[in-house]
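A short worksheet on the structure shown next.
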Amino acid sequence: MTKPSLDLISVAVDDLQRTAAFYRDGLGWSAERVSTSDDYVKIDLERGLSLLLYERGFFTRQFGRLGTADKAGGMVLSMLAGSEDEVKSLIERAGGAGGRLVAGQPQQQAWGGFAGYFADPDGLVWEVIAQPEDE
């Protein structure tokens, strides 16, 4: 029986090099975790997960219209931060690297955590969370 898992997240982007630079240089994700080809950039994340950025034309040829903007709405990727200051710092860094602030400044959430949101240069939305102490 297959165990439930998520191993790869594949995303279509308009400008592969710009978006790769946003994550690598803008957010400071280690270049040692980034591998590239002509059609995609693979970023190895923690816990065995990888983010694959595909040039939009290649993505469409590979996957058809699956995952295009009119089909994939409502997705937010989330990452955990160690503190409220780390959330604020990462949101600020994303904005300075060409990302866009989403939903205002980072703030306390009704469920008890602290979160901020940014979109990468292609509009992929990220949530950065500092969980409550009891989580």
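Just so you know, these numbers come straight off a predicted model, no measurement behind them.
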Report summary line: Leu80 meets the side chain to side chain contact (heavy atoms under 4.5 Å, CB included) criterion, sequence neighbours left out, with Ile129, Gln131
Report task. Using salt bridge (Lys or Arg N to Asp or Glu O under 4.0 Å) as the criterion, list what pairs up with Glu46, not counting sequence neighbours. Result -> Arg33
Query raised in the report: Where is the tightest heavy-atom contact between Val87 and Gly116, given as atom of each residue plus distance?
Result: CG1-N, 3.7 Å
Donor-acceptor contacts, no H, no angles, side chain residues 120-127, under 3.5 Å, sequence neighbours left out:
unit_1, atom_1, unit_2, atom_2, d
Asp120, OD1, Asp122, N, 2.8
Asp120, OD1, Gly123, N, 3.0
Asp120, OD1, Leu124, N, 3.0
Asp120, OD2, Tyr23, OH, 2.7
Asp122, OD1, Asp14, N, 2.7
Asp122, OD1, Arg18, NH2, 3.2
Asp122, OD2, Arg18, NH2, 3.4
Asp122, OD2, Thr19, OG1, 2.4
Trp126, NE1, Tyr23, OH, 2.8
Glu127, OE1, Ser78, OG, 2.6
Glu127, OE2, Tyr117, OH, 2.9

Query - Spacing of OG belonging to Ser37 relative to OH belonging to Tyr54, to within rounding of 0.5 Å - result: 8.5 Å
Report task. Would you please name every residue forming a side chain to side chain contact (heavy atoms under 4.5 Å, CB included) with Ser50, sequence neighbours left out? Result -> Leu8, Lys42, Asp44, Leu52
Requested in this report: Among Val34, Ile43, Thr36, Asp39, find the one that has a side-chain contact (heavy atoms from CB on, under 4.5 Å) with Leu53.
Outcome: Ile43
Query raised in the report: Do Leu45 and Trp29 have side chains that get closer than 4.5 Å, going by heavy atoms?
Result: yes
Query raised in the report: Can you list every salt bridge (charged side-chain N to carboxylate O under 4.0 Å, His left out) pair that touches residues 88-103, not counting sequence neighbours?
Result: none
Query raised in the report: What residues, two or more places apart in sequence or in another chain, satisfy side-chain hydrogen bond (donor to acceptor under 3.5 Å, both in side chains) together with Asp38?
Result: none
Query raised in the report: By side chain to side chain contact (heavy atoms under 4.5 Å, CB included), which residues pair with Ser89, not counting sequence neighbours?
Result: none
**Report entry** Beyond-backbone contact of Phe22 with Val13, side-chain heavy atoms, under 4.5 angstrom
**Finding:** no
Query raised in the report: For Gln17, what residues pass the side chain to side chain contact (heavy atoms under 4.5 Å, CB included) criterion, not counting sequence neighbours?
Result: Asp15
Report task. Would you name the heavy atoms of Ala97 and Gly26 that are closest together and state the gap between them? Result -> CB-CA, 3.3 Å
Query - Point-to-point distance, once rounded to the nearest 0.5 Å, from OG of Ser35 to OH of Tyr40 - result: 5.5 Å
Query - Gap separating the CG atom of Leu49 from the CD1 atom of Ile9, nearest 0.5 angstrom - result: 4.5 Å
Query raised in the report: Can you tell if the side chain of Pro132 reaches within under 4.5 Å of the side chain of Trp111, non-hydrogen atoms only?
Result: yes
Taking only distance into account, with no hydrogens and no angle test, what donor-acceptor pairs under 3.5 Å do side-chain atoms of residues 102-109 form with protein atoms, sequence neighbours excluded?
unit_1, atom_1, unit_2, atom_2, d
Gln108, NE2, Gly112, O, 2.9
Gln108, NE2, Gly113, O, 3.1
Gln109, NE2, Gln107, O, 2.9

